[in-house]
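Every chain is numbered from 1, with letters handed out A, B, ... down the list of sequences.
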Protein chains: 2
Amino acid sequence: MTDFLCDLASYNVYSQACPARLVLDRLADKWSLLLMDRLSQGPVRFNQLRRDVEGISQKVLSQSLKKLERDGLIARRVFATVPVTVEYTLTELGATLSDTVASLAHWAERNIDAVLASQRQYDAHNA
Amino acid sequence: MTDFLCDLASYNVYSQACPARLVLDRLADKWSLLLMDRLSQGPVRFNQLRRDVEGISQKVLSQSLKKLERDGLIARRVFATVPVTVEYTLTELGATLSDTVASLAHWAERNIDAVLASQRQYDAHNA
DNA sequence: TTACTTAGTTACCTGAAGGAAACCACCGCC
DNA sequence: GGCGGTGGTTTCCTTCAGGTAACTAAGTAA
């Protein structure tokens with residue numbers, strides 16, 4: 001079994017050692033995709049993100065942003081205003097990912113009804 | 001702040017109540033994306049999946065497949081062979097998602113080096 | 001002087017995800 | 001009779017992501 005995804009780099013996402021799994025794992029948390037999607041619309045400040053992405057706590061927002069920044073997907077810029085302003089933007093690298101992220105979120109939006117219907121049917125069948 | 005993703009359905013992915021978050025959360029576990037990607041290449045049996053997707057345990061594989069089936073993304077077919085054969089395939093709904101999933105995994109593969117480099121730089125800077 | 005804003009950090013706690021290992025039934029093979 | 005393969009379930013345990021709440025610090029406005 002081979003996979004086109006990893007052949008060129010002689011990696012295999014299905015392999016435990018494949019570093020691409022790190023990327024997948026990073027995005028596979030509760031908030032990263034949502035934050036990436038929000039930032040794809042333009043620069044946003046910390047508290048604005050916190051208000052926009054409902055339900056995220058200050059701590060987790062801070063942690064998530066740090067991880068995304070460490071991965072080079074977003075950039076953090078501090079402005080010496082009063083009070084201090086911190087602006088987050090997608091990097092070029094992050095921007096290359098945003099289309100995919102958007103299409104994922106877009107898919108969720110378009111197909112949520114089908115998914116919910118399937119869940120109801122499944123639950124009814126196994127009741 | 002509005003989002004093109006949810007406007008038509010009067011949903012908002014950033015809203016806690018948006019059901020699309022359910023989909024995002026479902027995919028945001030350790031194995032779902034990997035399993036979807038593996039199944040996008042064609043039908044696979046249980047133990048074949050287990051062998052291919054390195055590191056997944058029998059229990060978690062079983063659980064993940066059930067959830068994906070419940071969501072209508074994959075189908076389970078039992079063949080009365082000896083020993084019994086169980087084959088998993090993407091549904092039509094699942095197939096519409098596989099392109100996006102593949103592009104996400106593909107992105108990870110192409111850009112893993114940039115991500116790892118960014119991590120090293122970040123860690124060096126904050127040492 | 002009190003309160004509010006900015007952007008965080010820290011401590012504590014809990015639930016759920018996931019790993020390990022054993023167990024099940026069925027059957028073929030040798 | 002014991003081993004291997006099929007496809008699971010169950011139990012137990014641990015880890016960690018994430019939630020809550022309090023705290024910091026600097027400055028502004030009432």
Under the side-chain contact (heavy atoms from CB on, under 4.5 Å) criterion, do A:D71 and A:L93 qualify, and how do the steps go?
CA-CA 9 Å; A:D71 289 346; A:L93 184 62; over 6 Å; no
Find every protein N or O atom lying less than 3.5 Å from an N or O atom of nucleotides 13-15 of chain C, and list the pairs.
none

Check residues 55-64 of chain B and write down every donor-acceptor pair under 3.5 Å in which the side-chain atom is one partner and the other belongs to a residue at least two apart or another chain.
from: B:S57; atom 1: OG; to: B:V60; atom 2: N; distance (Å): 3.2
from: B:S64; atom 1: OG; to: B:V60; atom 2: O; distance (Å): 2.8

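- Take B:S118 and apply the side chain to side chain donor-acceptor pair (under 3.5 Å) test, not counting sequence neighbours, and it matches no residue.
- In this structure, B:N47 places its CG atom 5 Å from P of D:dG7, rounding to the nearest Å.
- With D:dT20, C:dG19, D:dG18 as the choices, the nucleotide that has an atom nearest any side-chain atom of B:S57 turns out to be C:dG19.
- By the side chain to side chain donor-acceptor pair (under 3.5 Å) test, A:R76 pairs with A:Y88, sequence neighbours left out.
- For the pair A:T91 (side chain) and A:G72 (backbone), a donor-acceptor distance under 3.5 Å is present.
- Residues forming a salt bridge (charged side-chain N to carboxylate O under 4.0 Å, His left out) with A:R50 (at least two apart in sequence, or on another chain): none.
- The distance from atom NZ of A:K67 to atom P of D:dC16 is 11 Å, rounded to the nearest whole Å.
- Partners of B:E54 according to the salt bridge (charged side-chain N to carboxylate O under 4.0 Å, His left out) rule, which considers only residues two or more places apart in sequence or in another chain, do not exist here.
- Relative to the side chain of A:R76, the nucleotides D:dG18, C:dA7, D:dG8 differ in distance, and C:dA7 lies closest.
- Contacts of A:L33 classified as side chain to side chain contact (heavy atoms under 4.5 Å, CB included), with partners at least two apart in sequence or in another chain: A:L27, A:V101, A:L104.
- For the side chain to side chain contact (heavy atoms under 4.5 Å, CB included) test, residues two or more places apart in sequence or in another chain that qualify with B:T89 are B:P43, B:A75, B:R77, B:E87.
- Here B:R51 lies in heavy-atom contact (under 4.0 Å) with sugar-phosphate atoms only.
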Would you list the protein and nucleotides 9-13 of chain D atom pairs, both N or O, that sit under 3.5 Å from each other?
from: D:dT9; atom 1: OP1; to: B:K66; atom 2: NZ; distance (Å): 2.8
from: D:dT9; atom 1: OP2; to: B:S62; atom 2: OG; distance (Å): 2.5

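- Applying the side chain to side chain donor-acceptor pair (under 3.5 Å) criterion to B:S32, with sequence neighbours excluded, gives B:D29.
- For B:R45, there are no side chain to side chain donor-acceptor pair (under 3.5 Å) partners, not counting sequence neighbours.
- Among the protein residues, B:R50 comes within range of no part of the nucleic acid, since none of its heavy atoms lies under 4.0 Å from any strand.
- Of the residues in residues 77-89 of chain B, those with a non-hydrogen atom less than 4.0 angstrom from any atom of DNA chain C are B:V82.
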